[in-house]
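So the structure is just underneath, and the comments pick up after that.
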There are 2 protein chains.
Amino acid sequence: MATINDVAAKAGVSTATASRALNGKSTVDPALAARVLSAAAELGYQPNGPARNLRRQETAVLALIISDVENPFFTSIARGVEDVAQAVGYSVVLCNSDENPEKERRYIDVAIQERVAGVVLSPTGTAPNVDLLTARRTPLVAVDRPLPAAADMVLVDTRSAAKQATTHLISQGYDRIGCITGPAGIQTADDRLAGYKDALRASKRRTSARFARRAEFRADGAFEAAIDLLSQPDRPDALLVANSAMAVGVLEALSKLDLRLGADVGVVAFDDAPWASLVDPPLSVVSQPAYDIGKVAAQLLMARIADSSLPYTTTTLNATLITRGSSTR
Amino acid sequence: MATINDVAAKAGVSTATASRALNGKSTVDPALAARVLSAAAELGYQPNGPARNLRRQETAVLALIISDVENPFFTSIARGVEDVAQAVGYSVVLCNSDENPEKERRYIDVAIQERVAGVVLSPTGTAPNVDLLTARRTPLVAVDRPLPAAADMVLVDTRSAAKQATTHLISQGYDRIGCITGPAGIQTADDRLAGYKDALRASKRRTSARFARRAEFRADGAFEAAIDLLSQPDRPDALLVANSAMAVGVLEALSKLDLRLGADVGVVAFDDAPWASLVDPPLSVVSQPAYDIGKVAAQLLMARIADSSLPYTTTTLNATLITRGSSTR
DNA sequence: CTGAAAGCGCTAACAA
DNA sequence: TTGTTAGCGCTTTCAG
């Protein structure tokens, strides 16, 4: 594979000049530069990234470590990050931690070893992994979930959104409202449950553990939880569901138990999936600004890469309740 | 940041010995090795990836360039690739070409420059990009779409699946069957259309261009196409739809036109989305083995990385028709 | 089994 | 403006 020396030789200049020409430095004679460029083209020269990165002690790549590639919420974040990064000439590598602290740790190690310029992370909840990054002062932005560490964060005001959604269900005349949320320890799962309880308390209702369930952020776990919840004699007549994958499980459970969405059991779910308006009645949702989360996170990261002395910031974006038929009798 | 020299110094050995110990070479005194390892741990030593890659002239990373991160079909492929890569100690970086030849080209350049060990690619259809890779003998596996170039491929027998799905619609008594597929030039889009025509011909029906439409592989384009198709006086009474994002658009169009799914317009769509069984009636689909595509692709890639002289293979996996209510009157 | 030393390809002082 | 040269951190001969 052709090296910069081959290019230089072919163009009859030194490697230094070739390097300068290839990198568009203005301090090189246009005629020479042209010769270098055409030599490079003829040889099909592609710079050796590792060599360049080693020498420069920096790379133009960002690592984006997310907890679930198959969750549209996170892929939207990915697009946001990518669009910003592309625009300033950075590449982004997407890593899937799969909600697994060990995988997260492995990818953080890789990010450190490859000396990426910065990391966008949706943390799985274990602080020690993140310390690896902060100890090395690797620029870091946390998305979706807060971090105890000193870092920029881009979050969603999920607790108040959950409260608002639950209040909406109450105002629609639902009386025994349940909640299906994610695993304990995942902040967004806890926040959604907390917001749900906030709303019940605000309307002077008792909150009962009998009506709250936790499961993985997936359809199957939510299906079991919903079956469980709705098989009680005094079953809930409405449900707040913590994400769209879980909503699939809940709707399956409803169908299995022959309960009508809306009429028998009102439902509001987090995340506005493309199919939400296709079910009958259409699903009410809490829409999160995922793309913007990614965009803001990438902008913060680029800013910090440029100036590491910036103060840490926390940006909280708002989710919006979209009411459709599933939350009306 | 601590280098291997720091580790060596702290352990009181040469860098060579430190390197050997760190890499688990058997030719090093256990006592020294232990000293090196603990020195590394104390210093929080992380190897410098670029330096190692430069020296070794190889990396343990795979690039996976897919045409749409937000399409669950491709993210499933990603999981398949990742699972086998992880198992053998490779990292995979996910790049999103967005069905855009230029972006694809940019990512291929990055892959070459970073000297990745191999590439899994769902091509956007332009041969020159791929030549960049083959010219450099970078191990390459194409997924989902065939390549003119010499490379391993993992495909789905999408044409015969389309034929089978269309035949199914015919057998269910639908008479004027239409097809909404992706852009011309994308092989899978063309194949699905071809399979659709195969079925019509086999049952002695005329194929009419009036009943076929193309759009981007997205909901909005498919929505327009469906509105257009179904607004004709002699409208289709069934539709074969080329992917699940498009299915969303088609179902929205049905709802807008007050046409009942199944009864008025039978539908079979490619890709078994999680929500497919939630709509009423449940959606009949052609389920593609996306995860397996990724798995097989990664296995082929690893094999080729190990031995570049292997003959090129094409693996064709089968899609399966899952009939549900949307294709019955 | 261990160490000294070369060199991967590139960029950035420093000189000219 | 151009060339010479050092060296980024690592692995790997080659001697010992």
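- No donor-acceptor contact under 3.5 angstrom links the side chains of A:Q46 and B:R136, judged on distance only.
- Atom P of nucleotide D:dG9 and atom CD1 of A:I112 are separated by 16 Å, given to the nearest angstrom.
- Atom CD in B:E58 sits about 11 Å away from atom P in D:dT11, given to the nearest Å.
- Residues A:E42 and A:R35 are not paired through a salt bridge, judged by the lack of any N-O separation under 4.0 Å between the basic side chain and the carboxylate.
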Nucleotide-resolved protein contact map, nucleotides 5-11 of chain C, B/S/- at heavy-atom distance under 4.0 Å: -BBBBBB

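- Put simply, A:T27 has no side-chain N or O that comes within less than 4.0 Å of OP1 or OP2 on D:dT1.
- One side chain, B:S122 or B:S67, offers a donor N or O that lies under 3.5 Å from an acceptor on the other.
- For A:D152 and A:T313, the side-chain atoms include at least one donor-acceptor pair closer than 3.5 Å.
- Using a 4.0 Å cut-off between a side-chain N of Lys or Arg and a carboxylate O of Asp or Glu, B:D68 and A:R79 qualify as a salt bridge.
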